[in-house]
2 protein chains.
Amino acid sequence: MSDSDGAGEGPGLYFRLFNEIGIIEQLSRAAFEARLPDGVLVSHFSVLNHMMRLGDGKTPLSLSSAFQVPKTTMSHTLMLLEKRGWIEMRPNPEDKRSKLVWMTEAGRAFWQQAIGSLGGEMGWLAEVFSPEEAAALMPGLEKLRKLLDARRG
Amino acid sequence: MSDSDGAGEGPGLYFRLFNEIGIIEQLSRAAFEARLPDGVLVSHFSVLNHMMRLGDGKTPLSLSSAFQVPKTTMSHTLMLLEKRGWIEMRPNPEDKRSKLVWMTEAGRAFWQQAIGSLGGEMGWLAEVFSPEEAAALMPGLEKLRKLLDARRG
DNA sequence: TGCATATAGTACGACATCGCACTAAATAAT
DNA sequence: ATTATTTAGTGCGATGTCGTACTATATGCA
């Protein structure tokens with residue numbers, strides 16, 4: 001939870017930075033989820049999107065690492081995705097402890113439809129916040145993310 | 001939940017932007033909460049911080065609006081803060097439906113101690129991510145936040 | 001080979017967040 | 001003035017996230 005008031009410098013600068021980031025995360029998540037079918041959260045879609053972009057057949061643990069959430073959280077998300085028939089969990093032939101996550105045809109179809117739906121939101125945003133403005137933020141955010149990630153260990 | 005992989009442009013640019021923001025929120029929240037006493041969440045501290053900076057004696061609803069969370073969420077947070085003795089809820093003399101939230105001496109003391117503790121985290125960050133870099137991100141993030149906020153209605 | 005340790009995944013419980021429904025009080029409409 | 005509507009706050013249930021503990025398998029080491 002983050003407030004949206006300003007003011008302050010010095011150490012307060014970093015507070016405000018994380019405040020802004022926190023509130024943007026909150027608002028963007030709500031906006032995205034309003035575009036997704038009922039009961040489908042950004043966390044669900046993000047996993048599908050990850051697999052569509054980088055390929056499926058990964059282990060749950062590698063996914064939890066990619067999203068930097070506890071493995072129990074990823075396990076829960078995958079269970080929901082499997083219930084909806086969007087993914088399949090198959091045994092990992094190389095490690096009997098492990099499983100591999102594969103997208104189903106239904107999952108791919110849902111992803112495509114969701115991308116279209118979310119594209120509407122993106123279109124609106126692009127008109128008031130240009131791709132150049134968005135791109136300008138990326139290097140700083142990536143650096144910040146990598147620093148926090150590295151410290152986490 | 002957001003992944004941390006890169007690549008892509010066009011509409012994908014905005015996906016990546018919100019991905020980065022989502023993961024930074026996740027990591028920074030975890031880092032902050034590691035610095036707070038057990039069971040104290042950033043959402044709790046943020047409310048105290050808000051009142052210290054902008055004054056107390058506000059209504060729960062105005063706080064929920066400032067943080068843009070549902071009023072039930074703010075109600076829950078305030079209940080916890082009151083249980084810890086950091087705030088007091090008094091009746092609003094101007095509106096018998098309403099209450100006003102005041103910080104206690106214990107609340108102010110806790111805030112001061114927490115600020116010191118969080119300052120340590122900030123100090124580390126400032127050495128690898130300069131105030132100039134942080135400041136450079138602010139205008140874009142503020143604009144993005146305001147746009148999302150305005151659209152929300 | 002045999003044992004200690006590390007790793008993948010799950011079960012379970014704690015809790016924060018949120019939506020919906022409800023009560024009480026204020027405000028608007030007639 | 002009376003009634004309808006809006007607003008402030010709470011109660012309650014659903015669910016996502018996360019920490020701890022556990023099982024099964026894999027790996028390191030003697």
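Just so it is clear, the values below take in all heavy atoms, side chains as well, and ignore hydrogens, waters and symmetry mates. In what follows, every chain begins at residue 1, and chains take the letters A, B, ... in the order their sequences are listed. Because the structure is a prediction, the values reported are computed rather than measured.
Rounded to whole Å, atom C1' of C:dA8 lies 17 Å from atom NZ of A:Lys58. If you measure from atom CG of B:Leu63 to atom P of C:dT17, you get 14 Å, rounded to the nearest angstrom. When rounded to the nearest whole Å, the span between CD of A:Glu33 and P of C:dT17 equals 15 Å. Taking atom CG of residue A:Leu27 and atom C1' of nucleotide C:dC18, one finds them 15 Å apart after rounding to whole Å. In this structure, CD of A:Gln26 is placed 15 Å from C1' of D:dG16, rounded to the nearest angstrom. With rounding to whole Å, A:Leu78 atom CG is found 13 Å from D:dG16 atom P. Distance CG (B:Asp95) to P (D:dT7): 12 Å, rounded to an integer number of Å. Computed from coordinates, the A:Gln68 CD to D:dG19 C1' distance equals 18 Å when rounded to whole Å.
The minimum heavy-atom distance between B:Tyr14 and A:Phe129, with the atom names listed, is OH-O, 2.6 Å.
A:Thr72 comes within 4.0 angstrom of a base, heavy atoms only. If you check every strand for non-hydrogen atoms under 4.0 Å, B:Asn92 touches nothing.
Both A:Ser62 and B:Arg97 lie near DNA chain C, and the one whose nearest nucleotide falls closer to the 5' end is A:Ser62. Take the nearest nucleotide of DNA chain D for B:Lys71 and for A:Pro70: the residue whose nucleotide is more 5' is B:Lys71.
Of the listed nucleotides (D:dC18, D:dT17, D:dG9), D:dT17 has the atom at the smallest distance from the side chain of A:Thr77.
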Intermediate values then yes/no, salt bridge (Lys or Arg N to Asp or Glu O under 4.0 Å), B:Arg108 and B:Glu105
CA-CA 5 Å; B:Arg108 292 171 199 278; B:Glu105 274 316 304; 3.7 Å; yes

Steps toward salt bridge (Lys or Arg N to Asp or Glu O under 4.0 Å) verdict (B:Glu25, B:Arg29)
CA-CA 6 Å; B:Glu25 189 276 338; B:Arg29 182 166 38 80; 3.0 Å; yes

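Centroid-to-centroid, the aromatic rings of B:Phe32 and A:Phe18 come within less than 6.0 Å.
OP1 or OP2 of D:dC18 has at least one side-chain nitrogen or oxygen of A:Thr73 nearer than 4.0 Å. Using a 4.0 Å cut-off, no side-chain N or O of B:His76 falls inside it from OP1 or OP2 of C:dT17. Contact check, A:Ser43 against D:dG16: no side-chain N or O comes under 4.0 Å of OP1 or OP2. Under 4.0 angstrom from either OP1 or OP2 of D:dG9 there lies no side-chain N or O belonging to B:Lys96. Of the side-chain N and O atoms in B:Ser75, none sit less than 4.0 angstrom from OP1 or OP2 of D:dG9. Listed pair A:Ser98 / C:dT7 fails the phosphate criterion, with no side-chain N or O lying under 4.0 Å from OP1 or OP2.
Taking the six-membered ring for Trp and thresholds of 30 and 60 degrees, B:Trp86 and B:Phe110 have nearly parallel ring planes, at less than 30 degrees apart.
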